[in-house]
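No experiment lies behind these values; they were computed from the predicted model shown.
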Amino acid sequence: MIRATHPALFCLATLLLTLPLAAQQDPPQTGSSSSSAIPSQQIQESTSQARIAHKTEAGGSAITLENSEPLFDIAVALNACGYDADLAASSPVRLAIREEVNEELRNSAPARDSRDAICLYIRDHTLADKAQDIAQYVSLALYTTPPPALAPSVGETELPPDSTQVVNILPLLRAFNEQLHLHALYVEHLPDYQALNDAVHGPLTKMVLSSNIAVRMPTSGYDGRRFLVLLEPMLAPSTTNARIYATDYIAVASPNGATRTIHMDQVRHIYLQYVVEPLIYARAAAMDRLLPLLKPIHEAPIDFIYRSDISAYITECLIRAIEARLLEFDFPRPAKPNAVTQRTDMIHYDADVAAYEKKTEALRRELVERDMRQGWALTEYFYNQLLLTERDSTSLKEDIGQMVYGMDVDRERKHESQIAFYPEGTNGTIRRTPPPITGIRLAEMDLMKGDLVTAEDIAQKILADPKGDHPEAHYVLAQVELMQKSPEDAMEHFTEAIKTSKNPRTLAWSHIYLGRLYDTQPDRPKAIEEYKAALTVRDSAPDTKAAAEKGIKAPFATPRRAQQPADDDNTPLDPSGKAEKEAYRPDPK
């Protein structure tokens with residue numbers, strides 16, 4: 001396993017090199033908190049939300065085990081201000097750092113003044129829910145640049161909603177960092193952090209591998225999405241903070257002091273989100289027929305987002321079915337005799353295996369039943385579907401379409417209505433609070449509403465911001481130019497989006513739009529070239545493939561132009577294809 005060059009960073013970049021050859025297949029085309037309420041956005045097709053401050057190098061892995069110095073600084077400040085949760089169970093490094101900080105405070109009046117100022121701020125912003133109280137600072141740390149700057153890595157409107165409540169702690173944190181010499185303290189303890197990373201590295205790799213084997217899907221290379229595990233021993237080991245920000249799937253954990261382990265089951269849950277969600281959201285067009293399944297769970301004790309968003313609900317039920325298949329037991333599977341001396345030896349062994357399989361299946365079914373009564377009523381359906389895929393030795397990617405499209409909605413709805421849900425309780429799921437629509441997403445919404453002036457104004461402001469999402473801004477401006485009948489300007493913006501974007505959907509549709517524009521010139525060879533380029537982009541959405549293939553088969557033509565005189569200036573140029581929306585859907589089979 002290759003280590004990253006930074007001593008505090010481990011990268012699973014060469015995970016596939018350690019897997020059996022049978023597991024090395026073609027990579028998939030892709031597609032909160034296990035503690036209490038962790039705000040995170042729903043995974044939508046747009047990835048225009050800001051990325052967290054941790055950067056993945058070109059050619060690197062999408063799966064990383066890291067440490068974060070801004071998170072360290074904030075965690076040290078919390079500890080200095082009375083955060084003692086799980087102190088006895090924490091890693092010895094937490095106690096050692098706390099003692100060194102206390103020694104610095106005893107010897108420096110400016111350090112004490114800095115500590116008092118930041119502690120007053122923390123006390124004034126304390127939340128009643130302890131998990132949410134710490135989570136807001138964890139969220140802020142993910143979007144904070146390393147010292148000495150310790151500044152937001154994005155505009156305040158793009159920060160996670162919970163972190164905006166405490167963003168003004170950063171000036172105090174900079175002073176605290178300087179007075180307590182936290183950077184030197186962090187560097188001093190990097191070997192301790194590395195030792196903890198070493199201890200977690202093996203189990204994390206095993207978890208990723210076993211999860212991939214369970215769904216028979218390999219680990220993909222870097223495709224714009226990331227799964228990060230951040231270790232911070234200054235936090236309580238009993239709580240794992242997990243969240244999903246745009247295309248970043250993050251678990252923040254603290255190793256236990258006695259065993260140097262983390263709650264791998266909670267980390268696995270967020271990893272399965274990373275694996276499964278693109279498969280579900282790529283089939284968003286099929287979700288409308290499943291909407292009746294939400295009615296029976298209206299009173300289920302689960303978050304509102306799952307009772308109102310069929311894709312999120314389907315995803316969670318499927319993940320819980322996978323977790324039931326991955327359930328581990330505290331009793332071993334019968335060992336096959338090394339030497340068979342008589343026929344009865346194999347008879348006894350087969351009987352022991354059959355008893356083992358019966359017992360483990362019963363325990364898995366108990367877990368499925370519990371999940372269903374907690375509100376995840378489709379868990380049993382997906383559990384049974386997974387059994388079929390195991391027998392057929394096919395991957396989840398190959399079978400997810402049949403699971404979704406082939407579901408008997410009426411039957412499953414009737415089954416849901418017969419479940420007696422638990423009244424209330426904590427299900428240990430990733431809780432999602434949709435963030436306010438800001439930045440480029442707001443421009444996209446205005447564009448959909450037909451407010452071209454506002455959409456253009458927002459996109460131009462984002463382009464003027466050096467830290468703005470320039471590729472998505474160009475993409476929005478290109479669509480504005482199309483609607484304003486300025487094809488030359490639209491082509492320029494689509495070309496800029498292609499040069500700089502890492503969003504597969506933005507890339508694919510920029511090529512499709514360019515192909516349509518070339519068809520209107522007409523320049524059929526260039527149009528076909530763009531349509532083919534769209535097919536090579538790893539965007540798995542069916543509408544993308546259908547639109548590109550349709551463009552290759554026949555030149556794009558706007559129906560309204562075909563029906564009106566050529567000199568009608570009121571006829572809009574519409575390579576967006578809204579007038580032909582139905583034509584770009586896959587033909588029913």
Lys/Arg-Asp/Glu bridge criterion (N-O < 4.0 Å) met for Glu390, Arg325: yes
N/O donor-acceptor pair under 3.5 Å between Thr239 side chain and Ala236 backbone: no
Distance-minimising heavy-atom pair for Leu235 and Ala75: CD2-CB, 3.9 Å
Carboxylate-amine/guanidinium proximity below 4.0 Å for Asp350 and Lys336: no
Considering all heavy atoms, the nearest Arg307-Ile297 contact: CD-O, 3.2 Å
salt_bridge(Glu66, Arg226) N-O dist < 4.0 Å: no
Check ion pair Glu369-Arg365 (N to O, under 4.0 angstrom): no
Closest heavy-atom pair and its distance - Ile244, Ile270: CG1-CD1, 3.7 Å
Criterion side chain to side chain contact (heavy atoms under 4.5 Å, CB included) against Leu327, the qualifying member of Leu367, Asp265, Val368: Leu367
is_close_aromatic(Phe72, Tyr186), centroid dist under 6.0 Å: yes
Derivation and outcome, side chain to side chain donor-acceptor pair (under 3.5 Å), residues Asp192 and His189: CA-CA 5 Å; Asp192 298 317; His189 287 280; 2.8 Å; yes
Gln418 atom CD, neighbour heavy-atom count above 12 within 6.0 Å: yes
Exercise: identify the closest heavy-atom pair between Ser311 and Met287: OG-CG, 3.4 Å
Least distance between heavy atoms, Asn256 atom then Ala258 atom: OD1-N, 2.8 Å
Worked check of side chain to side chain donor-acceptor pair (under 3.5 Å) between Arg216 and Thr389: CA-CA 9 Å; Arg216 287 161 299 285; Thr389 65; 2.8 Å; yes
Contact summary for Ala377 and Tyr313, nearest pair of heavy atoms: N-OH, 3.1 Å
Distance flag, aromatic centroids of Tyr249 and Phe227, threshold under 6.0 Å: no
Geometric cation-pi criterion, Lys359 with Phe331: 6.0 Å, 45°: yes
Residue pair Leu290, Leu293: steps toward the side-chain contact (heavy atoms from CB on, under 4.5 Å) verdict: CA-CA 6 Å; Leu290 305 184; Leu293 295 170; 4.0 Å; yes
Step-by-step side-chain contact (heavy atoms from CB on, under 4.5 Å) determination, Arg320 to Glu380: CA-CA 9 Å; Arg320 286 173 176 269; Glu380 184 178 50; over 6 Å; no
